[in-house]
*Asks:* 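Quick one: the structure is below, and I'll ask about it shortly.
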Amino acid sequence: MNTLPRWLPWIVAGIAVLYLGGQTVPRRDDPDGFHYREFATLPMQDAGRVLPFDTFARVRLMHISNRMTAVHGTYEKDPDNPQRDHLKDEFTIIPTKWALQTMLISFREDNSVLDYRVFRIDNDQVVNFLGLPHRPGSWRYSWNEFAENADFLSQAKRIIEQEGPTKDDIFENKVWELWLHRAAFFKLTRFDVRLIHPAGREQSGDVHWLTLPAAAGEFQQGTEHKALEYYITMFKAYGENKPDEFNQKLEEYQKYLERARPADYHSARLETFFNRFAPFYHAAILYGLVFLLGCVSWLGTSWDHPLRKAAFVLTLLTLAVHTWALIVRISLTGRPPVTNLYSSAIFIGWGCVVLCTILEWLYKSGIGIVVAAITGMITLIVAHNLVTGDTMEMLQAVLDTNFWLATHVVCITFGYTATFVAGFLSILYIVLGIFTPQLRGEGSVNLGKMIYGVTCFAVLLSFVGTVLGGIWADESWGRFWGWDPKENGALLIVIWNALVLHARWSGIVKARGMANLAIFGNCVVAWSWFGTNLLGVGLHSYGFMKGAMIWLLVFVFSQLLIIGLGCLPLRMWQSFKPAKPPGSPPAPKSSAMASATVST
Amino acid sequence: MRQTPRLVTQPLWRQIMAPLASLRLTVALFAMSMILVFYGTWAQVDQGIWTVVNTYFRSLWVWIPIKVILFHSIDSSPFSIPFPGGWLLGGVLLTNLLAAHFMRFKLTWKRAGIFILHGGLIVMMLGEFVTGLFAVEGIMQIEEKGVANYVQHAMSPELAIIDVSDSKIDDTVAIPHGVLRRGPVTHEKLPFNIELVEYMTNAVVTAIDPQRDKFATAGLGTQRTVVAVPEVSGADPDQKYDMPAAFIKLTDKTTGQDLGTYLVHYRWLGQQLKVGDKTYEIALRSKRSYRPYTFYLDKADHKVYPGTTIAKDFSSYVRIRDSQGKEVRSVRIFMNNPLYFQGETFYQSSMDVSLDPKITGLQVVRNPGWAMPYLSCILVTLGMLVHFGMNLTNFLQRRMAS
């Protein structure tokens, strides 16, 4: 039994590897049915980039449904409430299947795709206007339920005539949104999908892939496109419900692609694998596990050391997955890691985990692991909620420069990272200090040093990042500093970090005060990261951004609350309250943090 | 630590300087700078970026409306709160920094990084000061296959009155907006006096509503009118430009007879009026500054990503000709690749591709302080690397040793 603690780290690591390995095993298509999962790997072009059909289908479904799967079955009316119905014999429809069924609707006898409840209508005014039943929790409706509603169509027509919805009118904006979703679905049924790589047009820079109708048009003019023949045969077989024929042609087409367009073929397969593996999702789960292990390791049992070691090994393993996923994204996009809000979230998470792992390696107190787990998990959850479409979208002209993306953006993102790490270390300082005796003795000194050191990094990185941004602006439009919201946000981080350091140097604050200040740093970064994008709320954006605003406020208030806790008099802190009078039982002699420090 | 008993009183100048040099003051100034920058951002929700830069950052004092302080949760501002502006805070920060180094001057290797980095910060603050005072920005707009020899300064409107009676030369009198605002203007070349009745920073043209008062009694303003709209917000992602408008009253210089009230708007060029035997054009337009050379726009190129409307690249192919019309240079100006020419820099800034011919907009900048941020950046980065680097090395050595 005594050997178990020694083996614990490797047992945990083994379980995690098995778990991850299980996720990489490809799920097979039904051998007798259509090979949707294979079809999903075919390369095509959408929004200016070559991607697998899988991503295309996910993005389209996400767009109208706000999630990446559709569910269908038989709906049975609730006998007590005719407004309601229950789903029986439900089955999940993967995005590729949904997209194919939609595209090929006119080829097939089966029109059930029009009954799939995939359109999300989350505004109750619109739901009432369309005379639809309320479906709390799901708010999803089928094409047949609303698309031909005469009132809806006339509203949409009116909005088109007035050239877009009125700015502050939520109803009009939501009707308009639904109209756009309807249009996107309709476009899909019209084959507005660039599936065909044009033959013999490799050299001409940006290649415009062709939609099926366009390729057919060119074919009639005498231009032959190899892919066209494959697709037409496949789709015909699909319409006639002949899986064998479909699958056979699909296999032939894949072989042809592997020969004729190996780069597109392999990158599309890699991206499909990446989509299905969902590395960031599993990394978030594993970070959650690390957090639990880290916390348990502070309970003061004889298992503390092996648990902490297990948490550390698991952190490294998860970090490896996180890193691999970042590298795959870089190789697929051909861009530095941060190109949009989504990628900034996963990159900040990665940076936090790396920095915390170094801290843990230096201090071996468990603090680094716990902060790594919290920041890694939170940023990945944030990233998950930022997905509204293709996360590898093309960049606007002014951003189309890998040099500045690789220097300025990466540097400023590391600045955010370090400030967040300092902030979360400080939260731990307050939570551990108040509720546990962990910070007695060396503990508080060491944690204070960590916060200080990371803040030094933060001021350096955020300053350099901000100034590089200024230089980019100067190179692009001749203005080093324009005082625009995003620039001001970055400046606030620099000043705030400088303020924390100067306050510490001047003696205005000591370790605890610095922790409180550093927590406010979290708010400053959150403002710069999200707040500046939200300034236009009420002017331009609905839904997503409004939700983001609420979350930002929740976050800021939570930080202020913790700062409030941090201001409690020290005698109320478990770690700092004066020693008990003689005669009372002795307090625990040393905490995990202090003992860890002593033992190193 | 050794405590020195404070028996000797400090010299008077030291007593005065001490609070100016204190780190507490630094911290307080940082906090105030953050408040200024934060509200200078919120102010951009309904104010133009340049208005905000001038009132918040390039000023000694700013009155922050209560509406901005409450994050625009109320619609109007019954009162405002005074706050130190950018120049005041920057100036005091600079003084604080210099005073601190003066009072605690000690040349040691340990402080080398701090010296370098603070030196860099001084350069940066001076750089922003120089830019604020001396940098000139403008836009050069050129139609495809067209020419331009002047730069427009959209932030400085002027009223231009052009004598077009002679078809060979246009004799222009340009009155800056600031002069117009001060009171009636008399100019020796013009047979009438000019008086500003009303000025709007941003206005859109609409049909005349007979219910409302109309000011214009002559010219285009009798058929169409304008309504004032809020200035373009600094937070607006589209970054449009303000379109000012004004009602201008003209009176005969000699007789004092009313010649009518005209409406002028940025969009209206070529509005004519006749006084005696002379014909004039009257227009409100961006201030123009002319160049001794001409830009000819050969091609305005606009690339998008395949199958999308996402802009990939904008390029202007320009031929530069000297005053004699001789071509001196042929160049492609595109995103992130400006042209440096005669002390000015030309950046690809905008392109209106919906028009035929297409119009390209080149941002033209002359900034004598352009190099200062670069120098500052190098110094501050170096200083931080030295300072934190030394600390980190010490820390790691101790850590490894223990």
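Proteins come first, then strands; the chains are lettered A, B, ... in the order of their sequence lines, and each starts at number 1. Worth knowing before you read on, the calculation uses all heavy atoms, side chains too, and leaves out hydrogens, waters and symmetry mates.
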*Asks:* Counting only non-hydrogen atoms closer than 4.5 Å, does Thr26(B) touch chain A with its backbone (N, CA, C, O), its side chain (CB onward), both, or neither?
*Replies:*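 The side chain, not the backbone.
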*Asks:* Tell me, side chain or backbone of Trp505(A) under 4.5 Å from chain B's heavy atoms, or both, or neither?
*Replies:*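 Both backbone and side chain.
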*Asks:* For a quick test of reading the model, state the closest non-hydrogen atom pair linking Leu23(B) to His502(A) and the distance between them.
*Replies:*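 What the structure gives for the nearest pair is CD2-CD2, 3.5 Å.
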*Asks:* Looking at side-chain heavy atoms only, is the closest gap between Trp483(A) and Val52(B) below 4.5 Å?
*Replies:*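 No, side chains not in contact.
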*Asks:* Could you look at Gln45(A) and say if it's the side chain, the backbone, both or neither that has a heavy atom under 4.5 Å from chain B?
*Replies:* side chain
*Asks:* Out of Val494(A), Leu501(A), Asn497(A), Leu499(A), which one pairs with Phe30(B) under the side chain to side chain contact (heavy atoms under 4.5 Å, CB included) rule?
*Replies:*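 Only one of Val494(A), Leu501(A), Asn497(A), Leu499(A) forms a side chain to side chain contact (heavy atoms under 4.5 Å, CB included) with Phe30(B), namely Leu499(A).
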*Asks:* Taking the side chain as every heavy atom from C-beta outward, state whether Phe480(A) and Thr131(B) have any atom pair closer than 4.5 Å.
*Replies:* no
*Asks:* Within the 4.5 Å heavy-atom criterion, are Ile471(A) and Cys377(B) side-chain neighbours or not?
*Replies:* yes
*Asks:* Treating Arg24(B) as the side-chain partner and Ile508(A) as the backbone partner, does any N or O pair qualify as donor plus acceptor under 3.5 Å?
*Replies:* no
*Asks:* Would you indicate whether the side-chain heavy atoms of Asn488(A) and Tyr39(B) approach each other to under 4.5 Å?
*Replies:*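 Of all side-chain heavy-atom pairs linking Asn488(A) with Tyr39(B), none is under 4.5 Å.
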*Asks:* Decide yes or no for Val467(A) and Tyr374(B): does some side-chain heavy atom of the first lie under 4.5 Å from some side-chain heavy atom of the second?
*Replies:* no
*Asks:* Under 3.5 Å, is there a donor-acceptor pair between the side chain of Tyr347(B) and the main chain of Arg479(A)?
*Replies:*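 Here the side-chain-to-backbone pair does not exist.
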*Asks:* Side chain from CB out, backbone as N, CA, C, O: work out which of these in Leu468(A) comes under 4.5 Å of a heavy atom of chain B, or both, or neither.
*Replies:*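 Neither part.
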*Asks:* Could you look at Leu396(B) and say if it's the side chain, the backbone, both or neither that has a heavy atom under 4.5 Å from chain A?
*Replies:*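 For Leu396(B), the contact with chain A is made by the side chain alone.
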*Asks:* Under 4.5 Å from any heavy atom of chain A, what part of Phe395(B) do you find: side chain, backbone, both or neither?
*Replies:*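 Phe395(B) touches chain A through side-chain heavy atoms alone.
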